[in-house]
Amino acid sequence: AQAQAAAGADGAIDVDLFLRDVDDELSASDSGPAPHATVARCAEQTETLTLEAVMYRGAGRVDVRVLESDAPVAAPED
């Protein structure tokens, strides 16, 4: 299981994450109005994905972390 998390610096107001597959189809997203976002993806095989972090409001740095685990990761509820 793998999860991606992003957090904006002090000036960030709204940070969103979008995880897309090779066909540019949205696989997971977190687009709530918060200075942080998290998406999770469990795959049975190796796949290529693109992670996009977007700051819709605010300014400053956005840090992104990729977390891996052998245990299942629960996706955030919408």
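No hydrogens, no waters, no symmetry mates; every other heavy atom, side chains included, goes into these values.
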Search all heavy atoms of [X] against all heavy atoms of [Y] and return the closest pair with its distance.
X	Y	answer
A40	A28	O-CB, 3.9 Å
A37	L17	O-CD1, 3.5 Å
A53	V62	CB-CG1, 4.4 Å
R61	M55	O-CE, 4.4 Å

Okay, side chain of D30, backbone of T38: is any donor-acceptor separation there less than 3.5 Å?
->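 Indeed, once roles are kept as given, a pair shorter than 3.5 Å links the two residues.
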Identified side-chain contact (heavy atoms from CB on, under 4.5 Å) partner of D21 from the options L26, L49, T50 =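 Running side-chain contact (heavy atoms from CB on, under 4.5 Å) over L26, L49, T50 with D21 returns exactly one hit, L49.
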Considering only heavy atoms from C-beta outward, does the side chain of S31 approach that of F18 to under 4.5 Å?
->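 Yes; the side chains approach each other to less than 4.5 Å.
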Is it the case that one hydrophobic cluster holds both L19 and V64, taking links as side-chain heavy atoms less than 4.5 Å apart, direct or via other members?
->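 Yes, because L19 and V64 connect within a single hydrophobic cluster, where side-chain heavy atoms sit under 4.5 Å apart.
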In Å and rounded to the nearest 0.5 Å, what is the CG to CZ distance from D14 to R57?
->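 Nearest 0.5 Å value for the CG-CZ distance: 6.0 Å.
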